[in-house]
> 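Dropping a structure here in structure tokens format, bear with me for questions.
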Amino acid sequence: MGFLQLLKSQFLCHLIICYVFLASGLIINLLQLCTLPLWLINKQLARRINVRLAYCISSQMVATLEWWSGTECTLYTDPKSYSLYGNENAIVVLNHMFEIDFLCGWTFCERFGVLGSSKVLAKKELAYVPIIGWMWYFLEIVFCKRKWEEDRTTVAQSLQRLQDYPENFWFLLYCEGTRFTPKKHQISMQVAESKGLPKLKYHLLPRTKGFWVTVQNLRGTAAAVYDSTLNFRNNEVPTMLGILNGKKYHADLYVRRIPLESIPEDEAECAAWLHKLYQEKDSFQEHYAQTGRFPGPTVSPARRPWSLINWLFWSCLLLYPLVLLLIQLISSGSVLTIATSVAVCTAAADLTTQTFSGSSLDDRPD
């Protein structure tokens, strides 16, 4: 293990990353709160400001993946579609097999300049969680209660409000609803058998209602669905802890652009279309398992420097007063004060690690 890798694995480094994320996140939340009066005067300007404030938070997590761990990404896609990425609104359908799926999805957004405006479908409770939840609230993320009769209307209304959104956005959707596990897969395939649906080997059955509502309410706003299938080389199973420890992974992402007008408008036909899509996604994963690659040409989108610059800015801004505080604590000579400070920092680090894990993105509505 080299010196740099050893340094990345140290708890102190993790503590610094967590501190910068928490402190800057709360400052940015406060700035977002200050934009509330602007919504009444100039809604579009308020939206643009919040896109950039949201980028200041989410890009720190992307910087951890791209610059701290050095994880690389190879994109398998049609060159004709590649030129459209980032230049149109889209619904991004992602598979949900890994702990850092959400982070890879955000990295995909970052490579094409739509990270700050990217959307997800999240549980209503998250709107009350500081930093990520509050950021999402001002970013007009679509929240749901997981009660379909209520969500059907509220989700549709939230999506329709995006029709005049001033910047290109991607709506990231996990149609499987929760992360793949052997137990969940077994239950899902029992459901497939009872409904007479083809069984899947690498995915859970997609939940069709949320997808149909999303597609219907973004027609005329989004141009396409990006069917995205993620895997990692050498059968690695990446974790957020591995990322924090600076472990490098290599992600392979297969993306197909499907024009939105080619997706059926009828709910039953749309559901059948989505089930067929997941059968195709399963075949892509089988191809990857056998050959170590997805079909088609490859491209490696360049890392943009802005996520790193953003993290360095907040680090310089926030670490200086922290160093002064630490000097004062040590100078005080109080063992109790020092021990209490260490305990508080440790608890904050654990909380941020759980936030980074993305477990709160699970459990989409059916």
> For the residue pair Ser307 and Ala63, what are the closest heavy atoms and their distance?
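Reported closest heavy-atom pair: O-CB, 3.8 Å.
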> At their closest point, which heavy atom of Asn231 faces which heavy atom of Gln285, and how far apart are they?
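Reported closest heavy-atom pair: ND2-OE1, 2.7 Å.
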> Has the side chain of Thr77 got a donor or acceptor atom that lies under 3.5 Å from a matching backbone atom of Val255?
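Yes, the answer is positive, given that a donor and an acceptor are paired below the 3.5 Å cut-off.
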> Are the ring centres of His250 and Phe232 closer than 6.0 Å?
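Judged by ring-centre distance (under 6.0 Å), His250 and Phe232 do not meet the cut-off.
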> Check whether any side-chain N or O of Asn217 sits under 3.5 Å from a backbone N or O of Leu159 as a donor-acceptor pair, and report yes or no.
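Absent.
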> Keeping Glu265 on the side-chain end and Cys270 on the backbone end, is there a donor-acceptor pair under 3.5 Å?
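No.
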> Please determine whether the number of non-hydrogen atoms from other residues, nucleotides or ligands lying under 6.0 Å from atom CG of Asp164 exceeds 12.
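Counting neighbours around CG of Asp164, more than 12 heavy atoms of other residues, nucleotides or ligands fall under 6.0 Å, so yes.
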> Are the side chain of His14 and the backbone N or O of Leu244 linked by a donor-acceptor pair below 3.5 Å?
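Yes, because the side chain of His14 sits within donor-acceptor range (under 3.5 Å) of the backbone of Leu244.
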> With distance as the sole test, does Asn234 use its side chain to make a donor-acceptor pair with the main-chain N or O of Glu236 at under 3.5 Å?
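Side chain of Asn234 to backbone of Glu236: no pair is present.
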> Check whether any side-chain heavy atom of Leu53 sits under 4.5 Å from a side-chain heavy atom of Met135, and report yes or no.
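No, side chains not in contact.
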> Are Leu162 and Tyr165 packed together at the side-chain level, in the sense that at least one heavy-atom pair is separated by less than 4.5 angstrom?
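Yes; the side chains approach each other to less than 4.5 Å.
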> Can you find a heavy atom in the side chain of Pro182 that is under 4.5 Å from one in the side chain of His185?
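No - every pair of side-chain heavy atoms lies 4.5 Å or more apart.
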> Aromatic ring centroids of Phe102 and Trp106 under 6.0 Å?
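Under 6.0 Å, so yes.
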> If Ile, Leu, Val, Met, Phe, Trp and Tyr residues are connected whenever their side-chain heavy atoms lie under 4.5 Å apart, and connections chain through other members, are Val93 and Leu84 in the same group?
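No; tracing contacts between hydrophobic side chains, which count when under 4.5 Å, never links both residues.
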> According to a hydrophobic-cluster definition based on side-chain heavy atoms being under 4.5 Å apart (Ile, Leu, Val, Met, Phe, Trp, Tyr only), do Val129 and Ile132 belong together?
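In one cluster: yes.
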> For the residue pair Pro297 and Pro79, what are the closest heavy atoms and their distance?
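Looks like CG-CD, 3.8 Å.
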> Which of these, Thr153, Thr208, Val155, Leu218, sits in a side-chain contact (heavy atoms from CB on, under 4.5 Å) with Val213?
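Exactly one candidate clears the test, Val155.
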> Could you check whether Arg48 pairs with Glu167 (Lys NZ or Arg NE/NH1/NH2 to Asp/Glu carboxylate O, under 4.0 Å)?
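Salt bridge flag = yes for Glu167 with Arg48.
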> Kindly write out the residues that satisfy side-chain hydrogen bond (donor to acceptor under 3.5 Å, both in side chains) with Gln190, not counting sequence neighbours, or none if the list is empty.
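Result, side-chain hydrogen bond (donor to acceptor under 3.5 Å, both in side chains) vs Gln190: none returned.
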> Are Arg179 and Glu99 close enough for a salt bridge, meaning some N to O gap below 4.0 Å?
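No, this pair does not count.
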> Do you see a donor-acceptor pair shorter than 3.5 Å between the side chains of Gln60 and Tyr55?
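Note: Gln60 and Tyr55 side chains miss the donor-acceptor criterion.
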> Given side-chain contact (heavy atoms from CB on, under 4.5 Å), test Tyr249 with Ile243 step by step and report yes or no.
CA-CA 9 Å; Tyr249 301 100; Ile243 297 297; 3.6 Å; yes
> Do the charged groups of Glu280 and Arg256 touch, with an N to O distance under 4.0 Å?
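Salt bridge: yes.
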> Are Leu40 and Leu31 grouped together when hydrophobic residues (ILVMFWY) are joined by side-chain heavy atoms under 4.5 angstrom apart?
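Not linked; separate clusters.
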> Given salt bridge (Lys or Arg N to Asp or Glu O under 4.0 Å), test Arg219 with Glu261 step by step and report yes or no.
CA-CA 8 Å; Arg219 287 188 186 275; Glu261 60 266 20; over 6 Å; no
> Does Ile27 form a side-chain contact (heavy atoms from CB on, under 4.5 Å) with Leu318? I'd like the steps, not just the answer.
CA-CA 11 Å; Ile27 293 172; Leu318 297 170; 3.8 Å; yes
> Considering non-hydrogen atoms only, spot the tightest contact between Thr64 and Ile17 and give its length.
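The pair with the smallest heavy-atom distance is OG1-CG2, 4.4 Å.
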> Tell me whether the centres of the aromatic rings in His203 and Tyr278 are closer together than 6.0 Å.
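Here the rings of Tyr278 and His203 have centres that are less than 6.0 Å from each other.
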> For a 4.5 angstrom cut-off between non-hydrogen side-chain atoms, does Phe108 reach Leu253?
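A side-chain contact under 4.5 Å exists here.
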> Are the side chain of Gln5 and the backbone of Asn245 linked by a donor-acceptor contact shorter than 3.5 Å?
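Yes, because the side chain of Gln5 sits within donor-acceptor range (under 3.5 Å) of the backbone of Asn245.
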> Are Ile187 and Met97 connected in a single hydrophobic cluster, I mean Ile/Leu/Val/Met/Phe/Trp/Tyr linked by side-chain heavy atoms less than 4.5 Å apart?
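No; Ile187 is not reachable from Met97 via cluster members.
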> Tell me whether the count of non-hydrogen atoms from other residues, nucleotides or ligands lying under 6.0 Å of NZ in Lys276 goes above 12.
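No.
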> Does Asn50 form a side-chain hydrogen bond (donor to acceptor under 3.5 Å, both in side chains) with Thr35? I'd like the steps, not just the answer.
CA-CA 8 Å; Asn50 274 283; Thr35 66; 3.2 Å; yes
> Can you classify the ring geometry of Phe112 versus Trp170 as parallel (below 30°), tilted (30 to 60°) or perpendicular (above 60°)?
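Rings of Phe112 and Trp170: tilted, 30 to 60°.
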> Is there a donor-acceptor contact under 3.5 Å from the side chain of Ser118 to the main chain of Leu115?
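Pair found, side chain donor or acceptor close to backbone of Leu115.
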> So, using side-chain contact (heavy atoms from CB on, under 4.5 Å) as the criterion, who are the partners of Pro264 when residues are at least two apart?
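side-chain contact (heavy atoms from CB on, under 4.5 Å) check on Pro264 returns Glu269, Trp273.
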> Without swapping roles, check the side chain of Lys248 against the backbone of Trp68 for a donor-acceptor pair under 3.5 Å.
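Checking the backbone N and O of Trp68 against the side chain of Lys248, no donor-acceptor pair under 3.5 Å is found.
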> Would you say the side-chain atoms of Ser228 and Asn95 include a donor-acceptor pair closer than 3.5 Å?
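Ser228 vs Asn95: no donor-acceptor pair found between side chains.
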> Would you find more than 12 non-hydrogen atoms of other residues, nucleotides or ligands less than 6.0 Å from Trp306 atom CH2?
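At most 12 heavy atoms, drawn from other residues, nucleotides or ligands, come within 6.0 Å of this atom.
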> Transitively linked via ILVMFWY side-chain contacts under 4.5 Å: Tyr128 with Val142?
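Different clusters.
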> Examine distances only and state if a side-chain atom of Thr298 and a backbone atom of Thr74 form a donor-acceptor pair shorter than 3.5 Å.
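Looks like no, no N/O pair under 3.5 Å.
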> Looking just at side-chain N and O atoms, do Asn29 and Gln32 make a donor-acceptor pair shorter than 3.5 Å?
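A pair is found: one side chain offers a donor N or O, the other an acceptor, under 3.5 Å apart.
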> Within the distance-only criterion (no hydrogens, no angle test), does the side chain of Asp78 pair as donor or acceptor with the backbone N or O of Lys80 below 3.5 angstrom?
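Side chain of Asp78 to backbone of Lys80: a pair is present.
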> Does the ring of Phe284 carry Lys281 above it, NZ/CZ under 6.0 angstrom from centre and within 45° of its axis?
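That pair does not qualify as a cation-pi contact.
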> Kindly determine whether Arg111 and Glu72 satisfy salt bridge (Lys or Arg N to Asp or Glu O under 4.0 Å), including the steps that lead there.
CA-CA 12 Å; Arg111 296 289 174 97; Glu72 297 180 4; over 6 Å; no
> Looking at Arg304 and Glu110, is any side-chain nitrogen of the basic one under 4.0 Å from a carboxylate oxygen of the acidic one?
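Salt bridge present between Glu110 and Arg304.
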> Decide whether Ser59 and Asn310 meet the rule of one side-chain donor and one side-chain acceptor closer than 3.5 Å.
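Yes.
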> Flag the pair Tyr76 / Tyr254 as yes when their ring centroid distance falls below 6.0 Å, and as no otherwise.
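No - the distance between ring centres of Tyr76 and Tyr254 does not fall below the 6.0 Å cut-off.
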> Can you name the residues that form a side-chain contact (heavy atoms from CB on, under 4.5 Å) with Asn87, not counting sequence neighbours?
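With sequence neighbours excluded, Asn87 shows a side-chain contact (heavy atoms from CB on, under 4.5 Å) to no residue whatsoever.
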> Closer than 4.0 angstrom, basic N to acidic O: yes or no for Asp252 and Arg293?
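Salt bridge: no.
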> May I ask you to test the Ile28-Trp134 pair for a side-chain heavy-atom distance under 4.5 Å?
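Contact flag for Ile28/Trp134 side chains = no.
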> Does some side-chain heavy atom of Leu172 sit less than 4.5 Å from a side-chain heavy atom of Lys119?
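Counting from C-beta outward, Lys119 and Leu172 never come under 4.5 Å.
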> Looking at every non-hydrogen atom in both residues, tell me the closest pair between Trp136 and Ala122 and how far apart they are.
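It is CZ3-CB, 3.8 Å.
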> So that I can tick it off, tell me whether Glu176 and Arg207 are bridged by a salt bridge, with the cut-off set at under 4.0 angstrom between side-chain N and carboxylate O.
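Looking at Glu176 together with Arg207, the answer is no, because their closest N to O distance does not fall below 4.0 Å.
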> Is the closest side-chain heavy-atom distance between Cys13 and Leu7 below 4.5 Å?
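Sidechains of Leu7 and Cys13: in contact.
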> For the pair Phe143 and Leu121, evaluate side-chain contact (heavy atoms from CB on, under 4.5 Å) and give the outcome as yes or no after the intermediate values.
CA-CA 6 Å; Phe143 292 103; Leu121 182 61; over 6 Å; no
> Counting neighbours of CZ on Phe98 that are heavy atoms of other residues, nucleotides or ligands and sit closer than 6.0 Å, is the number greater than 12?
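Counting other residues, nucleotides and ligands, CZ of Phe98 exceeds 12 neighbours.
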> Are side-chain heavy atoms of Leu173 and Val92 found at a separation under 4.5 Å?
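No, every pair of side-chain atoms sits at 4.5 Å or beyond.
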